[in-house]
Amino acid sequence: KKSKKDEDEVVIPLDELSPIARPLAQKKLLKKLHKTIKRASKQRQVKRGVKEVVKGIRKGERGLLVLAADITPIDIISHLPVLSEDAQIPYVFVPSKEELGHSSSTKRPTSCVMVCPDQKKKVKRKEGEDAKEKEVEDYKELYEECLKEVQKMDTQVAFQ
């Protein structure tokens, strides 16, 4: 009998990942990224999909770009690392588009997600606003940790 953890985890062989998928997030960073994306999507500070992300980069928005490494054909997202390097936006690849879509609160697989913590979107205010404020600060800390770890990684596009 499989445990819940085994069902949650999607395993993708390395040879099915894109050859340009560098830097690829390791397990510890991957969990942090998914948690950050989940919290950011609750705050409505996430851009999903190639069109939205490109528009955000061109408008000069700052954030962290997370790309799925199992996209085929790779031409769909191959221009994003170059665009983000030009705009000095850190980026990282994650192995699964399904997990990326799930963590960004959609039922569909997502090729790329950009977390924009400074994005000014109207968040619906309800009772317990103090709890919301704490949650926003909590998410910002997690975002900063992820950002530092991604910036430590080598983010130059590698051609073989």
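Numbering starts at 1 and runs along the sequence shown.
Of all the heavy atoms in Ser41 and Val46, the pair that sits closest is N-CG2, 3.6 Å. For Ala40 against Tyr139, the heavy-atom pair with the smallest separation is CB-CE1, 3.4 Å. Of all the heavy atoms in Leu147 and Gly63, the pair that sits closest is CD1-O, 4.5 Å. Summarising the geometry of Leu33 relative to Ala25, their closest heavy-atom pair is CD1-CB, 3.9 Å, with the distance given to 0.1 Å. Considering all non-hydrogen atoms of both residues, Thr110 and Ser104 come closest at OG1-OG, 3.9 Å. The shortest non-hydrogen separation linking Val115 to Tyr143 is CG1-CD1, 3.9 Å.
When side chains are defined from C-beta on, Leu67 does not count as touching Val94, because their heavy atoms never get closer than 4.5 Å. At least one side-chain heavy atom of Pro23 sits under 4.5 Å from a side-chain heavy atom of Tyr91. Residues Leu65 and Pro90 form no side-chain contact, since every pair of their non-hydrogen atoms from C-beta on lies 4.5 Å or further apart. Annotation: side chain of Lys55 is in contact with side chain of Lys59 (closest heavy-atom distance under 4.5 Å). Contact annotation: the side chain of Cys112 never approaches that of Val66 to less than 4.5 Å [non-hydrogen atoms, C-beta and beyond].
Residues forming a salt bridge (Lys or Arg N to Asp or Glu O under 4.0 Å) with Glu144 (at least two apart in sequence, or on another chain): none.
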Check the pair Ile71 / Phe93 against side-chain contact (heavy atoms from CB on, under 4.5 Å), numbers first and verdict last. CA-CA 11 Å; Ile71 299 295; Phe93 283 88; over 6 Å; no
Trace of the side-chain contact (heavy atoms from CB on, under 4.5 Å) decision for Val50 with His79: CA-CA 10 Å; Val50 178; His79 63 290; 3.9 Å; yes
Step by step, would you call Ile89 with Leu83 a side-chain contact (heavy atoms from CB on, under 4.5 Å)? CA-CA 9 Å; Ile89 295 171; Leu83 260 181; over 6 Å; no
Stepwise side-chain contact (heavy atoms from CB on, under 4.5 Å) test for Leu30 and Gln26: CA-CA 6 Å; Leu30 190 64; Gln26 298 305 315; over 6 Å; no
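Between atom CD1 of residue Ile37 and atom OG of residue Ser105 there is a gap of 10.0 Å, rounded to the nearest 0.5 Å. In this structure, SG in Cys146 is found 5.0 Å from CG in Leu142, a value given to the nearest 0.5 Å. One finds the CG atom of Asp70 at 9.0 Å from the CG atom of Leu100 (value rounded to the nearest 0.5 Å). Atom NZ of residue Lys47 and atom CD1 of residue Ile57 lie 10.5 Å apart, to the nearest 0.5 angstrom. Taken from CD in Glu61 to CD in Glu52, the straight-line distance is 10.0 Å, to the nearest 0.5 Å. The distance from the CD atom of Glu149 to the CG atom of Leu64 is 11.0 Å, given to the nearest 0.5 Å.
Side-chain atoms of Glu98 never come within 3.5 Å of backbone atoms of Pro109 as a donor-acceptor pair (strictly under, hydrogens ignored). Using modelled atom types, one side-chain atom of Arg62 and one backbone atom of Gln88 make a donor-acceptor pair closer than 3.5 Å.
With a 6.0 Å radius and a threshold of 12 heavy atoms from other residues, nucleotides or ligands, Lys35 has its NZ atom at or below the threshold.
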